[in-house]
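Structure, as structure tokens:
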Amino acid sequence: MPGSVVLIAGEPGVGKSTLLLQASAMIAKDKQPVGYISGEESINQVKLRAERLNINGEGLLFLSEADIAIIIEHLEEISPKLVVIDSIQTMYLEDISGMPGSVSQVRECTSRIMRWAKENDVPVLLAGHVTKDGSIAGPGTLEHIVDVVLYFEGEPFSSYRVLRGIKNRFGSTNEVGLFEMGNSGLVEVDNPSQALLSRHTDATTGSVVVSTLEGSRPLLVELQALTTTTSFTLPRRIANGVDFNRLLLIIAVLTKRAGLRLFNQDVIVNVTGGLRLSEPAIDLGIALAIASSFSDRVPIPRSAVFGEIGLNGEIRTVPQVERRIAEAARLGLKTCLIPKLPQKPVLNHVDIQLLEANSLGEALRLGLTRKTKREIIGGE
Ligand code: TYD
Ligand code: MG
């Protein structure tokens, strides 16, 4: 959007500079000059990165500078069609007190850039660091000033990255982009469900496929759980990629409403692919994975599951049921364990068996198959 200021926020090392450089190169290729300003790296460092990404630099105007007043002078000269500033925490204005990255500097620099962007009708992308606890380093006020806030996220040790809309003055925030970080930069993942399920092997205890929504896009993701008898007084619960408090709630409901004796069990839940899932529709998947591991019963082969769990052990319906089912069918799954629906879902040419459950107990009966024979060697 001409004149807009977009903040791309993420932890250091997640790939913001890479994303911004690749995006700049794509726009510059259409003969639209892009001003790429780095306050963190020298021109040589940016060039090295560009080479690694197979970017020849055509149409890209690099500047290594952190003084906003000087940057704006340069921008006036080159009249770019897009400006990238990496990162806002390294920028400063001479006449403002405080170090770069301080609340006053970040706020004033952003306002100054905003004014220039609006006067010249040029979109500006700002990179911003967030700390581990998720707040944007320095000021939270930054989010209120800019027009659009996007979070760029990924788990350490995973190559997947998600770009997620948090605030958007011009449209929906309900969209996500999924990328994979490779040797030559970020590549968009065209068929995310397939990519995320590629390593899923069927019929293992504790492993469940959930049909979740990332923004408006349905996505199949593998959830794993492992329960083991604890050697501590207080059993441990570990949540990787799901909300910790949600996990505690689901364990409590499994204990109280489905009779699973989890009070002396360590419980670990993991989302494979390094994604973070936050919607309640994955509740039933978490519960099924835990129950599967605990009872040594495998989930139904080639199945997906979704549904929200209430405190009474009831399974609640969730938004966009049809799209979730269709995504499971598209990936060749045969069965979908879902909440009891008030009316039949409208599914065109979708060949999949639906198992509807009212309660958690019913869901566990429907969703898990026979007890597996324990391996003699290497078992618990
Ligand atoms: P970077 O874009 O510098 O992160 P940020 O600007 O958010 O701090 O990316 C840093 C990481 O990405 C770094 O650990 C190396 C990795 N990377 C790749 O794996 N492949 C690549 O092609 C590039 C350029 C970086
Ligand atoms: Mg960077």
Side-chain angles (χ1 to χ4, degrees), residues 5-29 34-58 60-68 71 82-92 99-102 105-106 109-110 113 124-139 142-143 146 148-166 176-190 192 195-196 273-276:
V5 174
V6 177
L7 173 69
I8 314 245
E11 286 174 17
V14 72
K16 298 178 296 296
S17 303
T18 308
L19 179 70
L20 288 169
L21 190 57
Q22 286 184 261
S24 302
M26 284 179 179
I27 289 169
K29 237 184 6 214
V34 176
Y36 187 100
I37 295 123
S38 180
E40 303 196 332
E41 290 161 308
S42 68
I43 293 193
N44 255 334
Q45 286 170 319
V46 178
K47 279 211 176 113
L48 278 177
R49 187 198 297 267
E51 269 165 33
R52 191 169 161 191
L53 299 170
N54 295 320
I55 291 169
N56 65 13
E58 197 186 332
L60 281 175
L61 305 154
F62 295 118
L63 178 64
S64 178
E65 179 58 68
D67 183 333
I68 290 289
I71 289 170
L82 173 74
V83 174
V84 170
I85 294 187
D86 185 10
S87 65
I88 189 64
Q89 277 94 2
T90 53
M91 298 294 147
Y92 68 90
M99 299 278 287
S102 64
Q105 282 289 2
V106 169
C109 288
T110 309
I113 294 163
V124 178
L125 306 179
L126 301 177
H129 296 302
V130 295
T131 51
K132 280 267 176 239
D133 63 13
S135 61
I136 294 173
L142 190 51
E143 299 201 26
V146 297
V148 177
V149 180
L150 305 175
Y151 270 64
F152 200 40
E153 305 175 326
E155 296 283 313
F157 312 115
S158 159
S159 56
Y160 291 109
R161 301 285 181 269
V162 183
L163 188 66
R164 198 188 296 279
I166 300 293
V176 294
L178 188 69
F179 301 88
E180 189 165 11
M181 178 70 92
N183 284 329
S184 44
L186 292 156
V187 183
E188 189 181 348
V189 180
D190 320 316
L196 292 169
L275 290 189
R276 253 175 254 170

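Atoms considered below: every heavy atom in the structure, side chains included; atoms not considered: hydrogens, waters and symmetry mates. Since this is a predicted model, take the numbers as computed values, not measurements. Each ligand, and each atom within it, is numbered from 1 in the order the structure gives.
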_Can you confirm whether E51 sits close enough to L48 that some side-chain heavy atom of one is under 4.5 Å from a side-chain heavy atom of the other?_
yes

*Are L275 and L178 close enough that some pair of their side-chain heavy atoms sits under 4.5 Å apart?*
yes

*When you measure from the side chain of S64 to the backbone N and O of E41, does any donor-acceptor pair fall under 3.5 Å?*
yes

*Min side-chain heavy-atom separation L126-M91 under 4.5 Å*: no

_Residues lining ligand 1 [heavy-atom distance under 4.0 Å, listed by chain and residue number]_ = E11, P12, G13, V14, G15, K16, S17, T18, R49, R52, L53, M181, G182, N183, S184, G185

*Quick check: does any side chain N or O of K47 sit under 3.5 Å from a backbone N or O of S42, one acting as donor and the other as acceptor?*
no

*asked:* Listing by chain and number, which protein N, O or S atoms are under 2.8 Å from the Mg ion (ligand 2)?
replied: S17 OG

*asked:* Quick check: closest heavy atoms across E58 and A28, and the distance to 0.1 Å?
replied: O-CB, 3.4 Å

*Between D86 and K16, is any pair of side-chain heavy atoms under 4.5 Å apart?*
no

*Looking only at heavy atoms, which two atoms of F179 and V189 are closest? And how far apart?*
C-CG2, 3.8 Å

*Does the side chain of I8 reach to within under 4.5 Å of the side chain of L163, using non-hydrogen atoms?*
yes

